[in-house]
Amino acid sequence: MDADPRPPAPQPQTGTPTPRGRRPVAAALMLGMALAALDSTIISTAVPQIVGDLGGFSVFSWLFSGYLLAVTVSLPLYGKLSDTFGRKPVLLAGIVVFLIGSLLCAGAWNMGTLIAFRIVQGLGGGALQGTIQVIAADLYPLKERPKIQARLSSVWALSSVAGPAIGGVLAGYADWRWIFLINLPVGALALVLIARHLHEPRRHRDGRPRIDWAGALGVFLSGGLLLTALVQGGVAWSWLSAPSLALLGATAVCAAATVWIERRAAEPIIPGWVWRRRTISAVNLAFGALGLLMIAPTVFLPTYAQSVLGLGPIPAGFVLSTMTLSWPIAAALSSRVYNRVGFRRCAITGMTAATLILAVFPLLPYPGAAWQPALIMLLLGGALGLFQLPLIIGVQSSVPWAERGTATASILFCRQVGQSVGAALFGAVANATLASRLADAPDAIRPGLPDDLDSVSRALEHPGALSDRAADYLRRAVDTAVDHVYLGAATAALLALLALVFLAPRRFPVHAEGETESGAEAGAEAEAGAGDESGAGAESGPVAGDETEARAGAGGGAKAGTRARAEGGAKARTETGTGTDAGSETDGRADTAPLTTPEAGGAGSGRPGTGQRPRP
């Protein structure tokens, strides 16, 4: 990392890069996000060509599952590493690993090697997903953070939607290996932009940093065993078979051992404060439920659109894509909401709407028109945009810079695990519903009927072998199965809502801006209402309503305030700030970004800006 040209100073560094200086880094972040999003979906339409070339039809699902598993289990490790060594080296290493994995995938000679290289790619993808979000929080002050997060959300949405189309074009008109080779120039450009334009302040450490490799191995094993059980259960073997029970039992043993290791580690990969602090633990649970409910539209809606509505693949994709259009727009506008009502209330509003929207889906008429589910997905995207972004920003703003990577990785990890659980759970719900409906089929059409969701979908794609009555019965069975899945998704949304209402604190604490590692040694700021951390201090600020923050600003009627906190009786920290009377508030830029660019004049330069502060 580039060194600060000035002598080390004991005070926190408060420089913020200029908008011009942030542009190359923001462009690199969006390129990296595009890489991670594309490789989640781009391979889906190329599977027939890949299987035809390499074979291995029975295990091709691991092209997706292996990538997802590697991303999920590596997120906590990258979060801790970014807090320990800085964001820049972790992101650079992640991009390099991702590009190496892409190059290896392009040269795979059989399905086994391609799956193994996809896992390598996923290990790099974990660094991309987690570290990009953290750098965006570091680079932009709180009031500007929704803009960059909305851009990243837009890139993710567009890349996810465009991925299957790009993969199909490359596989059909060139060669499927180009699916991985196109990552190389994009990733190389992101690598150069990050290396040249992203600069972090000098990091002052007491002694050599320690890495909890035992804890990292425990997290890898626990997550890997659990995801393998969820991915293969009910597919490769039944849920109550010996392989499923063995994997789940091994998961429980490894998880217990990991908890034991982490409680004794000096620098744990997943620190206990991730679950002791009400703000982070409540958001973790809510994001787990978000991952769960997202399976309904992303996995089952295309099947519904093609099997029940009779749409082709492209129109079916458009029905789903309406959600990806409204999500980033709502995320960009969410700051107008949480500026007025706070992070928690904004997220509660979004998830309340999402619960109602998901519950309306089973009320759609049969067979219905394509605009009806498209409208529901449009509204759902808007609701989830109001839910997700305020919670990400709220968690990132509630911790000091030295803990932001770990906190961000924890919520992304919970979302990924929720998706894996949702795929297994809702897949079982859909197949159980279909099995029940097919068992009750009239005797005249029962012979020859398929017996699971995939087989039903394939039969309805080529209905020539079915009578009109049998085809209609299968469509109604799929309609019922998807209705049950959406009811399950509405239940997951309700669980996310309950986590925010009953577990999240009414006040999301906002950590004082200007704190980097040197100012964060004493640990995290105490949360209002948490009641579970010793030495908890009180936050104060002239804000009306139920959301309180510590404000720093300039202007008339300023009041000085000092807060001191002792951490474990070993270290104490005193922070001094000023706050203005209500109605004359100015902004001291809470939660500053310690990243700088050459145009910013080096770390620590710049003066606090003024303006209306968001009210978390």
Name the orientation class of the two ring planes belonging to F98 and Y67 (parallel below 30°, tilted from 30 to 60°, perpendicular beyond 60°).
perpendicular
Side chains of [X] and [Y], heavy atoms from C-beta outward: is any pair under 4.5 Å?
X    : Y    : result
T258 : L221 : no
M323 : I376 : no
L68  : Q416 : yes
R344 : P505 : no
L487 : T491 : no
N183 : Q121 : yes
L386 : Y338 : no
Q129 : Y78  : no

At what distance, to the nearest 0.5 angstrom, does [atom1] of [X] lie from [atom2] of [Y]?
X    : Y    : atom1 : atom2 : answer
L77  : F220 : CG    : CZ    : 5.5 Å
I357 : L379 : CD1   : CG    : 5.0 Å
L225 : T251 : CG    : OG1   : 4.5 Å
T298 : M377 : OG1   : CE    : 10.0 Å
R177 : Q49  : CZ    : CD    : 13.0 Å
I270 : R263 : CD1   : CZ    : 14.5 Å

Which pair of non-hydrogen atoms, one from [X] and one from [Y], has the smallest distance, and what is that distance?
X    : Y    : answer
Q372 : L364 : CB-CD2, 4.0 Å
F426 : G488 : CZ-C, 3.6 Å
I119 : G66  : CG1-O, 3.8 Å
G124 : V97  : N-CG1, 3.7 Å
G382 : A330 : O-CB, 3.2 Å
M30  : L152 : CG-CD2, 3.9 Å

Working for side chain to side chain contact (heavy atoms under 4.5 Å, CB included), residues F287 and V417:
CA-CA 9 Å; F287 264 62; V417 172; over 6 Å; no
Please check if the side chain of [X] supplies one atom and the backbone of [Y] the other of a donor-acceptor pair under 3.5 Å.
X    : Y    : answer
D175 : W178 : no
T322 : V319 : yes
T113 : N110 : yes
S436 : T433 : no

Answer yes or no: is there an ion pair linking D479 with R475, defined by an N-O contact shorter than 4.0 Å?
no
From the list V337, L391, L389, side-chain contact (heavy atoms from CB on, under 4.5 Å) with C346 holds only for V337
Centroid separation under 6.0 Å, is that true for the rings of F361 and Y304?
yes
Can you confirm if the NZ or CZ of R437 lies within 45° of the ring axis of Y473 and under 6.0 Å from the centre of its six-membered ring?
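Relative to the ring axis of Y473, which defines the angle, R437 lies inside both limits.
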Looking at W273, is R276 sitting on its ring face, NZ or CZ under 6.0 Å from the six-membered ring centre and within 45 degrees of the normal?
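Negative - R276 is either too far from the ring of W273 or too far off its axis.
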Side chain to side chain contact (heavy atoms under 4.5 Å, CB included) between S410 and I280, intermediate numbers included:
CA-CA 8 Å; S410 72; I280 303 176; 3.9 Å; yes
Step-by-step side chain to side chain contact (heavy atoms under 4.5 Å, CB included) determination, L384 to L380
CA-CA 6 Å; L384 294 180; L380 181 63; 4.0 Å; yes
Test side chain to side chain contact (heavy atoms under 4.5 Å, CB included) applied to L69 and T72, step by step
CA-CA 5 Å; L69 186 151; T72 302; 5.9 Å; no
Polar contact flag, side-chain donor to acceptor under 3.5 angstrom, [X]-[Y]:
X    : Y    : answer
Y366 : D483 : no
T408 : Q133 : no
D53  : W176 : yes

More than 12 heavy atoms of other groups within 6.0 Å of L240 CG:
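No - once you tally the heavy atoms of other residues, nucleotides and ligands closer than 6.0 Å, there are 12 at most.
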